[in-house]
Amino acid sequence: TTFTNPIKNPNGSDPFIVYDGGYYYLLTTTWTNITRATTVTGLKTATPKVVWTDSTSTRCCNVWAPEIHKIGSTWYLYYTAGQSADLGLQRSHVLQGGSTPWNSYSYKGQLKATNAPDAWSIDGTVLTVSGANYFVFSSFNDAGLQSLYIAPMTNAYTLGARSLLSTPTASWEKVGAPVNEGPSALYKNGAIYLAFSASYCWTSSYSLGLLKYNGGTVTSASSWTKSGPVFTSANGNYGPGHNGFFTSPDG
């Protein structure tokens, strides 16, 4: 398909696109809105559909980084939300949908790792390895560094114990603040990767790194190799971060 950027302006941060049933579906950090169109270009002018609003004080506000993933025959919408006045209360949540991304959604619950059930948690995504699903998200490690964690999923809304996957240690991961966030899975030619965002998002040094799965225990950091940055500010585009990957109809 042919298109020109930007696809969404303004409010195009944390983009997630999936192609299903003849439609491209776009979600960004604009509450829990979904836009769909039969072409990527059509997403520019299509009317967004509000699929969820919430007045519950613990998850009413600061809704970030929504993503939809099909688990079994059902679509689920994963997102970050918290209270209006304190970003330290951000948590990961999930809505249950139907057989298509355009169906209605209902609140299913907060994603809680069994060994850190109420930890700060943002930017969650679903990683699939050998038929098993894992929830990958950003949280703070014991040293107070914003890092990537991974937890096995018992089902679409229940997690096991979390494990530390990646910590910001390289210079390109620490500009403005040491940060690893915004994980996004990529499957290509039999290889499995996790792209992620590094450094503080309000700087032009916000960039993308890459974790490559080398086999072995998926939840072990030693099974992954980090490289980066793979995308940085260039050619008038600044602070590339929290990307997404999607497959077009031709694969």
Side-chain angles (χ1 to χ4, degrees), residues 13-14 16 27 29-32 51-69 71 74-97 105-128 132-169 173 177-185 194 196-198 200-202 211 217-221 224 241-242:
S13 58
D14 306 324
F16 181 89
L27 297 86
T29 291
T30 49
W31 266 89
T32 39
V51 298
W52 183 251
T53 59
D54 204 324
S55 59
T56 305
S57 61
T58 56
R59 58 176 192 264
C60 67
C61 309
N62 297 307
V63 178
W64 299 343
E67 299 187 0
I68 48 175
H69 296 272
I71 297 179
T74 303
W75 286 91
Y76 292 86
L77 194 157
Y78 297 88
Y79 66 102
T80 302
Q83 298 186 22
S84 60
D86 188 353
L87 297 181
L89 298 173
Q90 295 290 85
R91 302 292 186 269
S92 294
H93 301 270
V94 59
L95 307 176
Q96 182 173 313
Y105 289 82
S106 60
Y107 185 76
K108 194 64 179 178
Q110 181 180 328
L111 279 299
K112 300 180 179 182
T114 55
N115 57 343
D118 198 36
W120 188 84
S121 169
I122 69 167
D123 295 351
T125 195
V126 176
L127 168 73
T128 303
N133 294 320
Y134 302 84
F135 194 64
V136 187
F137 57 99
S138 183
S139 189
F140 289 99
N141 69 4
D142 292 340
L145 299 179
Q146 190 179 333
S147 305
L148 294 183
Y149 280 84
I150 185 170
M153 303 179 74
T154 305
N155 53 42
Y157 45 86
T158 307
L159 306 184
R162 73 178 195 173
S163 299
L164 182 62
L165 191 63
S166 175
T167 298
T169 56
E173 299 176 285
V179 173
N180 281 180
E181 63 184 11
S184 180
L194 280 167
F196 66 94
S197 302
Y200 188 44
C201 64
W202 284 14
L211 295 172
T217 303
V218 178
T219 56
S220 174
W224 299 80
H242 202 169

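Along the sequence shown, the residues carry numbers beginning at 1.
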Q: Using the six-membered ring wherever Trp is involved, compare the ring planes of Phe137 and Tyr149 and label them parallel, tilted or perpendicular (cut-offs 30° and 60°).
A: parallel
Closest approach of [X] and [Y], non-hydrogen atoms and distance?
{"X": "Gly88", "Y": "Asp86", "value": "N-OD1, 2.8 Å"}
{"X": "Trp120", "Y": "Leu87", "value": "NE1-O, 2.8 Å"}
{"X": "Trp64", "Y": "Ile122", "value": "CZ3-CG2, 4.0 Å"}
{"X": "Leu211", "Y": "Ser166", "value": "CD1-CB, 4.0 Å"}
{"X": "Ala81", "Y": "Gln90", "value": "C-OE1, 3.3 Å"}
{"X": "Ala119", "Y": "Ser139", "value": "CB-OG, 4.1 Å"}

Q: Mind checking side-chain contact (heavy atoms from CB on, under 4.5 Å) for Asp118 and listing every partner two or more places apart, or none if nothing turns up?
A: Arg91, Gln110
Close side-chain approach of [X] to [Y], heavy-atom, < 4.5 Å:
{"X": "Pro152", "Y": "Thr219", "result": "yes"}
{"X": "Val179", "Y": "Ser197", "result": "no"}
{"X": "Ser121", "Y": "Ser138", "result": "no"}
{"X": "Glu67", "Y": "Leu27", "result": "no"}
{"X": "Met153", "Y": "Leu159", "result": "yes"}

Q | Partner residues of Glu181 under the salt bridge (Lys or Arg N to Asp or Glu O under 4.0 Å) criterion, sequence neighbours left out | A | none
Q.
Could you go through Phe135 and His69, starting from their C-alpha distance and side-chain angles, then the distance that decides it, and tell me whether this counts as side-chain contact (heavy atoms from CB on, under 4.5 Å)?
A. CA-CA 11 Å; Phe135 194 64; His69 296 272; over 6 Å; no
Under 3.5 Å, is there a donor-acceptor pair between the side chain of [X] and the main chain of [Y]?
{"X": "Asn133", "Y": "Asn155", "answer": "no"}
{"X": "Thr29", "Y": "Ala65", "answer": "yes"}
{"X": "Trp75", "Y": "Tyr105", "answer": "no"}
{"X": "Ser147", "Y": "Leu145", "answer": "yes"}

Roughly how far, to the nearest 0.5 Å, is the [atom2] atom of [Y] from the [atom1] atom of [X]?
{"X": "Gln96", "Y": "Leu77", "atom1": "CD", "atom2": "CG", "value": "12.0 Å"}
{"X": "Leu164", "Y": "Ile150", "atom1": "CG", "atom2": "CD1", "value": "11.0 Å"}
{"X": "Leu89", "Y": "Ser57", "atom1": "CG", "atom2": "OG", "value": "10.0 Å"}
{"X": "Trp52", "Y": "Ser106", "atom1": "CH2", "atom2": "OG", "value": "7.0 Å"}

Q: Go through the structure and list residues passing ring-ring contact (aromatic ring centres under 6.0 Å, His included) with His242, not counting sequence neighbours.
A: none
Q.
Please identify which of these residues, Leu127, Asn180, Leu194, meets the side chain to side chain contact (heavy atoms under 4.5 Å, CB included) condition with Leu165.
A. Leu194
Q. For Tyr107 and His93, does a side-chain donor sit closer than 3.5 Å to a side-chain acceptor?
A. yes
Q) How far apart are the C-alpha atoms of Ser184 and Thr125, what are their side-chain angles, what is the distance that settles it, and do they pass the side-chain contact (heavy atoms from CB on, under 4.5 Å) test? A) CA-CA 7 Å; Ser184 180; Thr125 195; 5.6 Å; no
